Amino acid sequence: MKREKSLSRRLSVRLFLQMIATVFLFTFGSVAAYMILLMVFGMFVWQGDEPIYVLGLWVRARQDILGLLYLMAGYIFIVYHYWSKPFHYLQDVIDASKIISSQDDRLAELSPALSDLETQLNQIKVTTLASQRAAKEAEQRKSDLVTYLAHDLKTPITSVIGYLTLLRDEQDISADMRKRYQNIALDKAERLDDLINEFFEITRFNLSHIELNRQQINLTLMLQQLISEFAPMLQEKGLSVSLSAPEGIVLKCDPDKLQRVFDNLLRNAVNYSYENTAIQITATPEGDHILLVFENNGDTISEEKLSRLFEQFYRLDTSRGTRCGGAGLGLAIAKEIVELHGGTIKALSADDIIRFEIYLPS
């Protein structure tokens, strides 16, 4: 608002000064032109009956009234010209607003006096178009994801029904085969559970607003409990987790929401780690902030993918058959939760190392 007032004030002052300068130049120029005409008129020898001489005498006899009328006409024209300029500017802004509201890539062009406003309007259009394109891409990714998930639901359901039917109908199968069928059915049922949870994740993200319920917690203890809960997943891939954190780090936060952030980061570390490697988690107090780092050994993530990791519905692994590919909301929600706490989160990757850094106010 202050910037808009500054622009209108600058424009008003500019027009006023231009009008004063024009009046001055017009007045000075008119007087100078009159003196030059008198001087030129006096350089000639007139006989007395020439039309120009007669006209000159007529004008000179009425020079006061004619001069006044001339100056008044000039002043009226100057005032009208500068008085109408704001209306021309207004029309320019109206035309520009139509361009700004259009969906094409055209940019507004205003008078040089409105160059600042032209820059602001074009910045608004560029930002709006970028936001619209991002929203459209996110909606398309969401639509594609829902389509994929709906299609993929059929596969585990069919497998579960098939193997359970075999267990029911085949009475003479061996114990090893029965165990194998049970394991396959369980694996497919777990995959089905993952897919259903992804549907719920999409619904929760779109229909709910994240609110914080802050309380003081022991951050070190929370991380220790988190690691213990992941023991079965870690054992599957031969992974280990090392925690480096001082005892009794106190943090005021929403523990349920922050648990979700750490759960997502550790789950990603497990999913994208090389087998038989170590995951490092560190928590370091730094003044009035705490730095948390989740680091694992895995394929280096390109800069282009790193820049999109926190987008809604963006999946690093787009393969539909993998157990690693989630709904693409985990990191987007994690970023929102961290920022609601007044912190920041970023991802780094180089030399087969994947690293997430979180700064949280203590």
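Given the structure is predicted, the values throughout are model-derived calculations rather than measurements. Worth knowing before you read on, the calculation uses all heavy atoms, side chains too, and leaves out hydrogens, waters and symmetry mates.
Taking CG of Leu291 as the start and OG1 of Thr282 as the end, the distance is 6.0 Å to the nearest 0.5 Å. Atom CG in Leu266 sits 10.0 Å away from atom CD in Gln259 (nearest 0.5 Å). We find the CE-CG distance between Met72 and Leu69 to be 7.0 Å, quoted to the nearest 0.5 Å. Rounded to the nearest 0.5 angstrom, Ser84 OG and Leu90 CG are separated by 12.5 Å. From Leu360, atom CG reaches atom CD1 of Ile337 across 11.0 Å, with rounding to the nearest 0.5 Å. If you take CG on Leu234 and CD1 on Ile227, they are separated by 8.5 Å, rounding to the nearest 0.5 Å.
A heavy-atom distance below 4.5 Å is not found between the side chains of Ile281 and Ser244. The shortest side-chain heavy-atom distance between Asn264 and Phe294 does not fall under the 4.5 Å cut-off. No side-chain heavy atom of Tyr163 sits less than 4.5 Å from a side-chain heavy atom of Leu186. At least one side-chain heavy atom of Asn271 sits under 4.5 Å from a side-chain heavy atom of Met233. Residues Leu167 and Gln182 are in side-chain contact: their nearest non-hydrogen atoms beyond the backbone lie under 4.5 Å apart. Side-chain contact check for Val40 versus Ile36: some heavy-atom pair is nearer than 4.5 Å. Within the 4.5 Å cutoff, the side chain of Ile358 has no heavy atoms near those of the Val293 side chain.
Taking every heavy atom of both residues into account, Glu170 and Arg178 meet most closely at O-NH2, 3.8 Å. Shown here for Phe356 and Leu331, the closest heavy-atom pair between the two residues is CE2-CD2, 4.0 Å. Residues Thr22 and Gln18 come closest through the heavy atom pair OG1-O, 2.7 Å. Here the shortest heavy-atom pairing between Pro246 and Ala283 reads CD-O, 3.3 Å. Smallest separation of non-hydrogen atoms from Ile290 and Ile249: CD1-CG2, 3.4 Å. In terms of heavy-atom proximity, Gln215 sits nearest to Pro255 at CG-CD, 3.6 Å.
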When you look at Leu223 and Leu292, which way does the side chain to side chain contact (heavy atoms under 4.5 Å, CB included) test go after all the steps? CA-CA 10 Å; Leu223 293 172; Leu292 290 114; 4.0 Å; yes
Between Leu306 and Glu303, does the side chain to side chain contact (heavy atoms under 4.5 Å, CB included) criterion hold? Intermediate values first, please. CA-CA 5 Å; Leu306 277 177; Glu303 287 294 328; 4.2 Å; yes
I'd like to know whether Ser242 forms a side chain to side chain contact (heavy atoms under 4.5 Å, CB included) with Ile279, so could you lay out the CA-CA distance, the side-chain angles of the two residues, the decisive distance to 0.1 Å, and finally the verdict. CA-CA 6 Å; Ser242 65; Ile279 299 171; over 6 Å; no
Evaluate the side chain to side chain contact (heavy atoms under 4.5 Å, CB included) criterion for residues Arg267 and Asp263: first the C-alpha distance (whole Å), next the side-chain angles of each, then the deciding distance (0.1 Å), finally the verdict. CA-CA 6 Å; Arg267 189 176 302 274; Asp263 182 279; 3.2 Å; yes
Would you sort out whether Arg180 and Asp176 count as a salt bridge (Lys or Arg N to Asp or Glu O under 4.0 Å), showing the intermediate values? CA-CA 6 Å; Arg180 182 186 172 204; Asp176 289 341; over 6 Å; no
Show which side-chain atoms of residues 343-350 pair as donor or acceptor with protein atoms under 3.5 Å away, not counting sequence neighbours.
residue: Ser349; atom: OG; partner: Ile301; partner atom: N; Å: 2.8
residue: Ser349; atom: OG; partner: Ile353; partner atom: O; Å: 3.1

Tabulate below the donor-acceptor pairs under 3.5 Å that side-chain atoms of residues 23-30 make, not counting sequence neighbours, or state none.
residue: Thr27; atom: OG1; partner: Val23; partner atom: O; Å: 2.8
residue: Thr27; atom: OG1; partner: Tyr75; partner atom: OH; Å: 2.5
residue: Ser30; atom: OG; partner: Phe26; partner atom: O; Å: 2.7
residue: Ser30; atom: OG; partner: Tyr70; partner atom: OH; Å: 3.4

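Under a 3.5 Å cut-off, the side chain of Lys125 and the backbone N or O of Arg106 do form a donor-acceptor pair. Under the 3.5 Å distance criterion, the side-chain polar atoms of Arg308 are left unmatched by any main-chain donor or acceptor of Glu304. Under the 3.5 Å distance criterion, the side-chain polar atoms of His341 are matched with a main-chain donor or acceptor of Asp254.
Val250 belongs to no multi-residue hydrophobic cluster, having no ILVMFWY side-chain contact under 4.5 Å with any other such residue.
Other residues, nucleotides and ligands contribute more than 12 heavy atoms inside 6.0 Å of the CZ atom of Phe262. With a 6.0 Å radius and a threshold of 12 heavy atoms from other residues, nucleotides or ligands, Lys335 has its NZ atom at or below the threshold. Heavy-atom neighbours of Phe77 CZ from other residues, nucleotides or ligands within 6.0 Å: at or below the threshold of 12.
Linking Ile, Leu, Val, Met, Phe, Trp and Tyr residues whenever their side-chain heavy atoms come within less than 4.5 Å places Phe230 and Leu219 in a single cluster. Note: the hydrophobic cluster containing Ile173 also contains Val160 (ILVMFWY, side chain heavy atoms under 4.5 Å, direct or indirect links). Under the 4.5 Å side-chain heavy-atom criterion for ILVMFWY residues, a single connected hydrophobic cluster contains both Leu164 and Leu166. Connection of Ile124 to Leu129 is not established within any shared hydrophobic cluster, with ILVMFWY side chains joined at heavy-atom distances below 4.5 Å, either directly or through further cluster members. Side-chain heavy atoms closer than 4.5 Å link hydrophobic residues (I, L, V, M, F, W, Y) into clusters, and following such links, even through other members, never connects Leu107 to Val93.
Residue pairs satisfying the side-chain hydrogen bond (donor to acceptor under 3.5 Å, both in side chains) criterion with at least one member in residues 285-300, sequence neighbours excluded, are listed as follows: Ser273-Asn296, Tyr274-Asp299, Glu295-Arg355, Thr300-Asp352. Listed by first and then second residue, the salt bridge (charged side-chain N to carboxylate O under 4.0 Å, His left out) pairs involving residues 89-102 amount to none (not counting sequence neighbours).
Counted by atom type alone, Asp187 and Asn183 present zero donor-acceptor pairs between their side chains at under 3.5 Å.
Residues satisfying the side-chain contact (heavy atoms from CB on, under 4.5 Å) test with Lys237, not counting sequence neighbours, are Leu239, Val270, Glu275.
A salt bridge is absent between Arg260 and Asp256: the closest approach of a Lys/Arg side-chain nitrogen to an acidic carboxylate oxygen does not fall below 4.0 angstrom.
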